[in-house]
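Since the structure is predicted, the reported quantities are computational estimates derived from the model, not experimental observations. Worth knowing before you read on, the calculation uses all heavy atoms, side chains too, and leaves out hydrogens, waters and symmetry mates. Ligands are counted one by one from 1 in listed order, and the atoms in each one are counted from 1 as well. We count residues from 1, following the sequence as given.
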Amino acid sequence: MSLKTIDPKIFELIKQEEVRQKEVLEMIPSENYTSVAVMEALGSVLTNKYSEGYPRKRYYQGNKIIDSVESLAQERAQKLFGVPYVNVQPYSGSPANAEIYMALLEPLKDKIMGLSIAFGGHLTHGSAVSFSGKYFKTVAYELNEQGLLDYDQILETARAEKPKIIVCGATAYPRIIDFKKFGEIADEVGVLAGSPTYLLADISHIAGLIVAGVHPSPVPFVDIIMTTTHKTLRGPRGAMIMVTEKGLAKDPELSDKIDKAVFPGFQGGPHDNQTAAIAVALEEASLPEFKKYGQQIVKNAKTLADELVKFGFDLISGGTDNHLILIDLTNKKVNGAVGALALEVAGIVINKNAVPKDSMPPFYPSGIRLGTPAITTRGMKEKEMVKIAAWINAVITQVHGEQVPETKEARSAFWKIFRAKVRENESLLKIAGEVKEFCSKYPIS
Ligand SMILES: *Cc1c(COP(=O)(O)O)cnc(C)c1O
C-alpha cells in the first residue's frame with residue numbers, strides 16, 4: 001500500500017517539506033540537496049537486511065550482495081580520497097568521532113585537543129556537554145583576534161598538554177585549514193610524549209571541496225580522516241572513517257582498531273541502504289561535473305562575501321576561502337537569533353551562530369552562519385549571489401535595533417513579542433514572495 005493511502009498525515013508533511021525546500025534559499029552551510037539517484041538507493045530494499053560484520057566476515061547469512069555494495073563504497077572512497085583504508089559504516093558524524101576516540105583513547109585518562117565550540121569547533125571535539133567532553137579529558141584551542149587558527153599557539157598548547165589526539169576541522173571556519181602545520185605539531189608532540197599523538201582531520205564540512213580540489217587535502221599530513229557524507233559531498237546522511245598511509249606507518253593496527261570500535265564496539269548492523277547511497281554519492285563526486293560544482297560553491301561564497309562587505313557587514317576573518325560565511329551582526333545592532341528568524345520569514349534559511357569571543361549566550365548569539373552548497377546545487381551562480389546579498393541586507397535593515405536584552409527574564413519577554421511581530425512584517429513577507437518566484441527558476445533535480 002502506498003504511503004499516501006496508509007499514512008496520509010506523513011505523506012502530506014513530506015509534500016509540505018518538499019515545497020518548503022523548493023521555495024526558500026537553503027543557506028545552512030551543512031545542508032545540501034541529494035540527487036534523485038542517492039534517494040533511490042536510500043529508499044531501496046537494502047533497508048531490510050541485517051549484516052553485522054564486514055564484507056566476507058558477516059554474522060548473518062544472505063549477505064553476498066550486501067558485501068558487493070559495501071566493497072564498492074569502500075573502493076570508491078579509497079580511490080576518490082587516495083587512502084588505503086576506509087570504514088563506511090558509521091551512522092553519522094558524531095557516532096564516527098565517538099568510534100575514533102573509542103578506538104584510540106582510554107576513557108577518563110587520555111586527552112582530546114580540539115577547536116573550542118565557541119570558536120567554531122564541533123560538539124564532538126571536546127565540548128563539555130558532549131560525550132567527548134564527559135568521557136575524555138579535553139583541552140581546547142581558540143582562534144586569534146583576526147578569527148584565524150593560530151598555529152604557534154596550537155603548538156604551544158599541544159606541547160604543554162600532550163593530548164593523545166588532536167582534532168583539526170570545524171563547523172564554522174571560513175578559511176583554509178593548514179593540515180601540514182597540524183601534522184608537524186602532532187608529530188612533534190608524539191616525540192615529546194614518547195607515544196603516538198594521533199591527528200584526526202574532521203572534514204565533514206569541506207569533504208566535497210577537497211574532492212573538487214578547491215581545498216587542500218589532509219591525506220599526506222594526518223593519520224585519520226572523518227567525514228560526514230551529507231554536507232558538501234551531497235550524499236545521504238552518514239559518515240566515513242579513513243586511515244592514511246601516514247597513520248598506518250604510525251600505528252600498523254590503526255585500521256583494525258577503527259573497525260573493531262565501529263563494530264562491535266559502538267554499532268550493530270550497518271544501514272546497508274545508507275551504504276549504497278554513499279556509494280552512489282561517491283560515484284557522482286568522481287565525475288568531472290563535481291569539480292565544477294565545488295569550484296562554483298567557492299566562487300559563489302566569495303562573491304556573496306564581497307557583496308555583504310560592501311553593505312557594511314562584519315565578516316569573521318574578513319571573508320571566506322570555502323563554502324561558508326560567518327557574520328557578526330553587532331555593528332548592525334541586530335542579534336543573531338533576531339537576524340536568523342527575520343531571514344527565515346523572508347525565505348532565506350540560515351542559522352544563528354556564536355562568533356569568536358561572543359559575549360551573548362548560545363541561544364542568542366551575536367552572529368549568523370550561511371553557506372552556498374545547496375543553492376549552488378540548484379545552479380545559482382555569481383549573479384544570483386549579488387541579488388541574495390541585497391535581500392539579506394534589506395532583511396537585516398528591517399530589524400535594525402532589535403537587540404536582545406541583558407537579563408534572562410527580559411530576554412524571553414522580548415523574544416515572545418518579537419517572534420509574533422516579525423512573522424507579520426509586510427516587507428519581509430514581500431521579500432519571501434520575491435525569493436519564492438526567484439527559486440522557481442532553479443529546479444531541484
Ligand atoms: C556535521 C559535523 C559533525 C557531526 O555530524 P552529524 O552527522 O550531525 O552527527 C562532526 N564534525 C563536524 C566538523 C561537522 O561539521
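- Ligand 1 has a nitrogen or oxygen under 3.5 angstrom from a nitrogen or oxygen of Ser94.
- Of all the atoms in ligand 1, the ones that sit under 4.0 Å from a non-hydrogen atom of His230 are 7 (O).
- For the ligand labelled ligand 1, residue Ala170 lies inside the 4.0 Å heavy-atom shell.
- Close approach of ligand 1 to His205 (heavy-atom distance below 4.0 Å) involves ligand atoms 15 (O).
- Considering Lys246, Lys181, Lys180 as possible partners of Asp187, the one that fulfils the salt bridge (Lys or Arg N to Asp or Glu O under 4.0 Å) test is Lys246.
- The distance criterion of under 3.5 Å between nitrogen or oxygen atoms is not met by Met226 with respect to ligand 1.
- In summary, the atoms of ligand 1 found under 4.0 Å from a heavy atom of Thr228, numbered by their order in the structure, are 5 (O), 7 (O).
- In summary, Lys357 and Asp328 do not engage in a salt bridge, as defined by a charged side-chain N under 4.0 Å from a carboxylate O.
- Shown here is Glu188, whose CD atom has more than 12 heavy atoms of other residues, nucleotides or ligands within 6.0 Å.
- In this structure, the side chain of Arg234 does not engage the main chain of Asn32 through any donor-acceptor pair within 3.5 Å.
- At the top of the distance list for atom 7 (O) of ligand 1, counting protein heavy atoms only, stands Ser92 OG, 2.4 Å.
- For Asp358 (side chain) and Val355 (main-chain N/O), a donor-acceptor pair under 3.5 Å exists by modelled atom type.
- Glu70 and Arg58 are joined by a salt bridge, as a carboxylate oxygen and a charged side-chain nitrogen come within less than 4.0 angstrom of each other.
- The pair Asp321-Arg175 meets the salt-bridge criterion, with a side-chain N (NZ, NE, NH1 or NH2) lying under 4.0 Å from an Asp/Glu carboxylate O.
- Less than 4.0 angstrom separates some heavy atom of Gly93 from each of these atoms of ligand 1: 4 (C), 5 (O), 6 (P), 7 (O), 9 (O).
- Which of Lys231, Arg237, His125, His122 comes nearest to atom 15 (O) of ligand 1 through a heavy atom is settled by distance: it is Lys231.
- At the shortest separation from atom 11 (N) of ligand 1 among protein heavy atoms lies Asp202 OD2, 2.6 Å.
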